[in-house]
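Structure, as structure tokens:
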Amino acid sequence: MSRASSLLRHLAGAPMRCWRLTDLATASGLHKATVHRLLGGLMAEGLAQSIPGGYTLGPQAWLIGRAAAQRFDLSSFGTPLLRRIADETGDVALLAVLTGHHAHCVAREEGDSPILPTSIRVGAVRPLGCSAHALALLSALPDAEVERAIAATAPERVGRYAPITDAYLRAGVAETRVQGYAVNQGVIVSGMTALAVAVRDAWGRPIAAISCSAISDRLLPERHPAVVTLLREEAQKLEARLHPANLETA
């Protein structure tokens, strides 16, 4: 199943592209015969299809994606919430969604501060724990999943994320759970501070995180309570929007 899922992720990564069998085998690291067999199963389910020149996503993938978008495409109704945070703080508000062992930034709103942090833009992907919003997401996972994420992202936390050690992540998770929000103070980008809270779905699972970031001189500890209160208010609005009854009427 994991190998078939890998093929789907490659197909979805370039939905308008036609993949040749050889290219899919190279990208996935699987033997061509294995890829051919797995594609046969995906095509039988309508998740992939053969077209002149290669393979692409099938119609069933669109139907599944359309249904999933109601739950996971948060940027459209999350942006107004970020706008309020940015307007009231003057700083940068971000919305990131949980994707596997990573946090994917899907929306960003900027305040009117003359100096704004620029390290994370829409589309940026961070390993769990390697930013305030990524730490908020990691901390909201069950213990066993936290350990799996730490192990899975270890190879990525070399170089740029070298300060984010396994010990740092475990300590950060413990601290975040106690105080109810995540803090990143210049760990990756010197002179920048960010605060974040997790957004949970109706079943209590973390699905996204909202953060506020600024240069450290603007986001001093005495400001943290007011900013965290604002983040929690907007996170609660997003959680209410994610309730199954509200999704059905969207």
Side-chain angles (χ1 to χ4, degrees), residues 69-99 102-126 128-140 172 175-176 179-202 205-243 245-247 249-250:
Q70 290 186 296
R71 182 172 180 233
F72 293 102
D73 185 13
L74 308 182
S75 58
S76 58
F77 47 87
T79 296
L81 309 183
L82 298 184
R83 186 68 259 161
R84 181 195 170 205
I85 296 169
D87 287 343
E88 294 200 14
T89 64
D91 301 311
V92 172
L94 300 174
L95 173 64
V97 298
L98 177 63
T99 57
H102 296 80
H104 188 147
C105 180
V106 296
R108 171 185 168 118
E109 290 293 319
E110 297 183 350
D112 59 5
S113 171
I115 303 177
L116 295 173
T118 59
S119 63
I120 299 178
R121 295 287 184 179
V122 173
V125 179
R126 289 279 181 90
L128 287 183
C130 296
S131 67
H133 58 263
L135 179 58
L137 286 168
L138 179 67
S139 303
E175 181 181 22
T176 299
Q179 63 191 11
Y181 62 94
V183 181
N184 185 306
Q185 291 184 295
V187 178
I188 300 172
V189 180
S190 178
M192 191 184 87
T193 295
L195 310 176
V197 299
V199 176
R200 299 174 185 267
D201 63 18
R205 292 279 306 179
I207 189 173
I210 296 177
S211 69
C212 177
S213 58
I215 59 171
S216 296
D217 288 345
R218 284 184 51 82
L219 201 48
L220 297 172
E222 52 265 33
R223 276 192 74 199
H224 290 191
V227 173
V228 169
T229 296
L230 182 59
L231 291 173
R232 285 173 174 160
E233 289 174 354
E234 300 311 302
Q236 288 171 0
K237 293 176 185 177
L238 198 51
E239 288 173 344
R241 179 63 179 75
L242 290 170
H243 191 280
N246 293 331
L247 289 177
T249 58

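Applying salt bridge (charged side-chain N to carboxylate O under 4.0 Å, His left out) to Arg83 and the options Glu234, Glu109, Glu88 leaves one that passes, Glu109.
We find that Arg121 and Glu110 are joined by a salt bridge, their nearest charged nitrogen and carboxylate oxygen being less than 4.0 Å apart.
Interatomic distance, CG of Leu98 versus CG of Leu138, reported as 9.5 Å (0.5 Å rounding). The CZ atom of Arg232 sits 10.5 Å away from atom CG of Leu195, with the distance rounded to the nearest 0.5 Å. To the nearest 0.5 Å, atom CD of residue Glu233 and atom CD1 of residue Ile210 are 11.0 Å apart. His102 contributes atom NE2, which lies 7.5 Å from atom CG of Leu128 (distance to the nearest 0.5 angstrom). Rounded to the nearest 0.5 angstrom, Asp91 CG and Ile85 CD1 are separated by 11.0 Å.
The shortest heavy-atom contact between Ile188 and Cys130 is CD1-O, 3.1 Å. Taking each heavy atom of Leu137 and Ala209 in turn, the nearest pair found is CG-CB, 3.8 Å. In plain terms, the two heavy atoms of Ala132 and Ala182 that are nearest each other are O-CB, 3.3 Å. Across all non-hydrogen atoms, the minimal contact from Val106 to Val122 is O-CG1, 3.8 Å. Shown here for Gly78 and Leu95, the closest heavy-atom pair between the two residues is CA-CD2, 4.1 Å. Scanning both residues, Val197 and Ala136, for their nearest heavy atoms gives C-CB, 4.0 Å.
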Between Arg108 and Leu82, is the side-chain contact (heavy atoms from CB on, under 4.5 Å) condition met? List the steps. CA-CA 7 Å; Arg108 171 185 168 118; Leu82 298 184; 5.7 Å; no
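Proximity of Arg84 to Lys237: side-chain heavy atoms (C-beta onward) are separated by under 4.5 Å at one or more points. Here the side chains of Val199 and Ile207 are in contact, with some heavy-atom distance below 4.5 Å. Side-chain contact check for Arg223 versus Thr89: some heavy-atom pair is nearer than 4.5 Å. Side chains of Asn184 and Leu135 form no contact here, defined as non-hydrogen atoms less than 4.5 Å apart.
Without hydrogens or angle criteria, Ser213 side chain to Thr193 main chain gives no donor-acceptor distance under 3.5 Å. No donor-acceptor pair closer than 3.5 Å links the side chain of Ser190 to the backbone N or O of Gly186.
For Ser131, the side-chain contact (heavy atoms from CB on, under 4.5 Å) partners at least two apart in sequence or on another chain are Ile120, Arg126, His133, Ala134.
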